[in-house]
Amino acid sequence: KLSQACCSGRAARAARAPLPVRVGRTPRRRRGSQAAMAASGDELDEGDLPYSQRPAWNDVEPVPQDDGPHPLAAIRYPPGFEEVHDYFRAIQKRNEFSERALQLTADVIEHNSANYTAWYYRRRCLKELKSDLEVELEFADKWARDCPKNYQVWYHRRWIITEMIADARASSASPEEADKRVRELGQRELDYHNDVMQVNDDYKNYNGWSHRQFIVSKFDMWDKEMEFVDFLLNDDVRNNSAWNHRFTVVRNTLLPLTAETREREILYTLKKLRPCVNNESAWNYLAAFLGEGEGKVPWSSVPAVDEFVGQVLAQELDPRHRCRFAVEASARIQEAKGEVQAALKQYALLKDIDKIRAKYWDWRMELLRARAASTQPADVE
């Protein structure tokens with residue numbers, strides 16, 4: 001049965017029981033103001049004081065931000081922001097990589113988690129201090145869960161994993177033990193990516209998926225990825241990130257494509273399209289195996305695709321309301337068959353139902369006419 005309507009993954013999940021979450025969100029401790037702490041009767045420790053009042057920082061002269069003599073638009077920073085960054089600039093000027101510098105980077109990141117300089121300086125501190133990277137993973141974990149679209153934290157985690165791999169290789173008693181430790185680390189990271197998606201109910205986070213692809217490539221752990229993608233697409237067939245990852249798995253494990261693999265992927269896509277024919281992600285995935293280019297076969301060479309497209313178009317009698325992806329597929333099929341006028345008619349229809357790309361469809365028609373003119377001029381008007 002074909003359906004032109006399908007709900008989004010978020011709505012579909014809301015209608016079902018929630019997916020299990022292995023690890024809950026761990027809130028970060030945000031420092032309260034000194035006055036608020038005193039008013040509540042809580043005892044102040046040095047970490048709650050401004051840097052200017054901490055004895056351990058008496059030897060550091062803060063470096064204020066230089067906006068020039070006449071700044072056009074002075075920024076009003078939140079409380080504590082300026083002081084933390086003034087001390088951070090001072091530490092960088094001193095080229096100091098100490099425990100206190102490491103803690104300072106955490107405070108800078110607390111004020112602005114996208115501060116790439118703070119993350120970079122933190123890595124230099126970790127390297128110089130030979131810090132416990134398991135502890136640092138916990139630090140990165142809290143930020144990735146609270147700010148999952150922050151590129152800096154995912155890059156930081158990737159650096160940590162790379163360092164831990166090197167340490168495992170160097171400190172293991174045998175290559176077999178090292179491989180085991182590395183494999184366990186990789187699996188933990190894959191589980192972590194899944195956890196972060198679940199915690200934030202966001203299965204399309206580009207940074208998270210980039211981290212996953214880094215892990216499966218680095219650890220050569222492609223073997224279970226197709227199963228993972230199936231799970232996600234069963235949950236949300238519109239998950240474009242999952243479709244993209246599926247092709248990434250194919251590209252890294254099944255090239256050069258065999259006829260059997262290509263047919264399997266095409267039939268899989270048609271099955272996923274039936275309940276949701278307007279799913280652009282699935283149509284794009286289908287196009288990865290059809291047309292021109294390495295590993296592709298002509299659109300007209302797979303009867304199942306031709307039949308499916310015909311069924312979709314037959315659903316809607318008014319051409320203006322037809323599925324534009326099916327109309328384009330029909331044009332590609334007719335073009336591949338050499339039925340130039342029929343293909344031009346479909347491209348003209350696309351100009352009407354997909355007006356935002358009207359100039360693109362004009363270009364497709366001109367390209368088709370030019371190709372046809374060089375082979376069958378009698379069929380071109």
Side-chain angles (χ1 to χ4, degrees), residues 1-6 237-238 240 243-244 246-247 250 256-381:
K1 183 179 178 180
L2 301 176
S3 173
Q4 293 203 37
C6 62
V237 75
R238 287 183 180 269
N240 54 294
W243 283 106
N244 178 73
R246 186 178 185 91
F247 188 72
V250 170
L257 283 179
T258 64
E260 180 182 3
T261 297
R262 186 185 301 105
E263 181 182 20
R264 183 196 69 196
E265 292 304 300
I266 289 174
L267 294 179
Y268 175 90
T269 309
L270 295 180
K271 180 180 177 181
K272 291 297 183 183
L273 275 168
R274 287 190 174 278
C276 186
V277 297
N278 281 308
N279 182 1
E280 184 172 5
S281 300
W283 285 103
N284 287 338
Y285 187 77
L286 186 66
F289 302 95
L290 300 170
E292 301 175 356
E294 185 178 357
K296 295 185 176 185
V297 295
W299 278 89
S300 58
S301 65
V302 185
V305 174
D306 198 347
E307 179 183 359
F308 175 77
V309 170
Q311 291 173 353
V312 174
L313 295 179
Q315 275 193 307
E316 181 55 64
L317 297 179
D318 187 343
R320 296 171 300 174
H321 297 154
R322 286 176 178 169
C323 170
R324 70 176 177 89
F325 309 114
V327 175
E328 181 182 0
S330 177
R332 300 296 180 105
I333 291 170
Q334 290 161 346
E335 187 174 344
K337 289 180 179 179
E339 299 172 358
V340 177
Q341 293 306 315
L344 288 172
K345 183 179 179 181
Q346 296 288 48
Y347 284 132
L349 175 59
L350 282 166
K351 284 185 62 178
D352 187 39
I353 62 178
D354 187 24
K355 291 181 171 61
I356 198 170
R357 298 177 181 84
K359 291 188 179 296
Y360 170 73
W361 300 124
D362 279 334
W363 176 79
R364 290 292 313 183
M365 287 190 284
E366 288 302 317
L367 181 64
L368 176 55
R369 290 190 181 100
R371 287 179 174 177
S374 64
T375 55
Q376 298 177 340
D379 189 36
V380 183
E381 296 179 359

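Starting from 1, each residue takes its place in the sequence as its number.
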Asks: Determine whether W243 and T269 make a side-chain contact, defined as any pair of heavy atoms from C-beta on separated by less than 4.5 Å.
Replies: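 Answer yes - side chains close enough.
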
Asks: Taking the side chain as every heavy atom from C-beta outward, state whether C323 and E316 have any atom pair closer than 4.5 Å.
Replies: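 Of all side-chain heavy-atom pairs linking E316 with C323, none is under 4.5 Å.
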
Asks: What is the distance from atom CZ of R246 to atom OH of Y268, rounded to the nearest 0.5 Å?
Replies: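 So the gap between those two atoms works out to 4.0 Å.
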
Asks: Evaluate the side-chain contact (heavy atoms from CB on, under 4.5 Å) criterion for residues V250 and L257: first the C-alpha distance (whole Å), next the side-chain angles of each, then the deciding distance (0.1 Å), finally the verdict.
Replies: CA-CA 8 Å; V250 170; L257 283 179; 3.8 Å; yes

Asks: Got a sec, which residues hit side chain to side chain donor-acceptor pair (under 3.5 Å) with W361, two or more places apart in sequence or on another chain?
Replies: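 W361: side chain to side chain donor-acceptor pair (under 3.5 Å) contacts with D354.
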
Asks: State, to 0.1 Å, how close F325 and N278 come at their nearest heavy-atom pair, and which atoms those are.
Replies: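 Scanning both residues completely, I find the closest heavy atoms to be CE1-O, 3.4 Å.
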
Asks: With sequence neighbours left out, write down each residue that passes salt bridge (charged side-chain N to carboxylate O under 4.0 Å, His left out) with K345, or none if nothing qualifies.
Replies: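 Result, salt bridge (charged side-chain N to carboxylate O under 4.0 Å, His left out) vs K345: none returned.
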
Asks: Can you find a heavy atom in the side chain of E263 that is under 4.5 Å from one in the side chain of L267?
Replies: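 Answer yes - side chains close enough.
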
Asks: Here's a test for you: under side-chain contact (heavy atoms from CB on, under 4.5 Å), which of L349, V312, D306, V309 qualifies with S330?
Replies: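 Answer after filtering L349, V312, D306, V309: V309.
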
Asks: Closest approach of A348 and M365, non-hydrogen atoms and distance?
Replies: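 Distance-wise, the nearest heavy atoms are N-SD, 3.9 Å.
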
Asks: Among residues at least two apart in sequence or on other chains, which ones pass side-chain contact (heavy atoms from CB on, under 4.5 Å) with A314?
Replies: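 A314 satisfies side-chain contact (heavy atoms from CB on, under 4.5 Å) with no residue once adjacent residues are dropped.
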
Asks: Report yes or no: do Q315 and R322 form a side-chain donor-acceptor pair below 3.5 Å?
Replies: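 Q315 vs R322: no donor-acceptor pair found between side chains.
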
Asks: For R332, enumerate each residue passing the salt bridge (charged side-chain N to carboxylate O under 4.0 Å, His left out) test, keeping only those at least two apart in sequence or located in another chain.
Replies: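 Checked R332 against salt bridge (charged side-chain N to carboxylate O under 4.0 Å, His left out); matches are E328.
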
Asks: Testing the basics here: between A342 and Q334, what is the closest heavy-atom pair and its distance to 0.1 Å?
Replies: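 For A342 and Q334, the tightest heavy-atom pair comes out as O-OE1, 3.1 Å.
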
Asks: For A343 versus L368, what's the shortest heavy-atom pair and its separation?
Replies: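 Taking every non-hydrogen atom into account, CB-CD2, 3.7 Å.
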
Asks: Atom CZ in R238, atom CG in N240: separation rounded to 0.5 Å?
Replies: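 Spacing of CZ (R238) from CG (N240) equals 10.5 Å.
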
Asks: Restricting to non-hydrogen atoms, name the atom on W283 and the atom on A329 that form the minimum distance, rounded to 0.1 Å.
Replies: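 In this case the closest contact between W283 and A329 is CZ3-CB, 3.8 Å.
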
Asks: Are the charged groups of K359 and E366 less than 4.0 angstrom apart, N to O?
Replies: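 So K359 does not pair with E366 through a salt bridge.
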
Asks: Would E335 and R364 pass as an ion pair if we require N to O under 4.0 Å?
Replies: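 Salt bridge between E335 and R364, a charged N being under 4.0 Å from a carboxylate O: yes.
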
Asks: So, do R274 and F308 sit near enough that their side-chain heavy atoms are less than 4.5 Å apart?
Replies: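 Yes - at least one pair of side-chain heavy atoms lies under 4.5 Å apart.
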
Asks: Check the pair D362, K351 against side-chain contact (heavy atoms from CB on, under 4.5 Å), reporting the backbone distance first and the verdict last.
Replies: CA-CA 8 Å; D362 279 334; K351 284 185 62 178; 2.9 Å; yes

Asks: Should N279 and K272 count as side-chain neighbours, where that means a heavy-atom distance under 4.5 Å?
Replies: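 Result no, sub-4.5 Å side-chain heavy-atom pair not found.
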
Asks: For residues 286-300, tabulate all N or O donor-acceptor pairs below 3.5 Å that involve a side-chain atom, not counting sequence neighbours.
Replies:
unit_1: E292; atom_1: OE2; unit_2: R371; atom_2: NH1; d: 3.4
unit_1: K296; atom_1: NZ; unit_2: A287; atom_2: O; d: 3.3

Asks: What residues, two or more places apart in sequence or in another chain, satisfy side chain to side chain donor-acceptor pair (under 3.5 Å) together with T258?
Replies: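 For T258, the residues satisfying side chain to side chain donor-acceptor pair (under 3.5 Å) (neighbours in sequence not counted) are T261.
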
Asks: Please determine if R320 and D352 form a salt bridge, counting it only when a charged side-chain N lies under 4.0 Å from a carboxylate O.
Replies: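 Between D352 and R320 there is no salt bridge, as every charged N stays at least 4.0 Å from the carboxylate O atoms.
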
Asks: I need the I266 CD1 to Y285 OH distance, nearest 0.5 Å.
Replies: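 Interatomic distance, I266 CD1 to Y285 OH, rounded to 0.5 Å: 9.5 Å.
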
Asks: Out of curiosity, E307 CD to L270 CG, how far, rounded to the nearest 0.5 Å?
Replies: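 One finds 9.5 Å between CD of E307 and CG of L270.
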
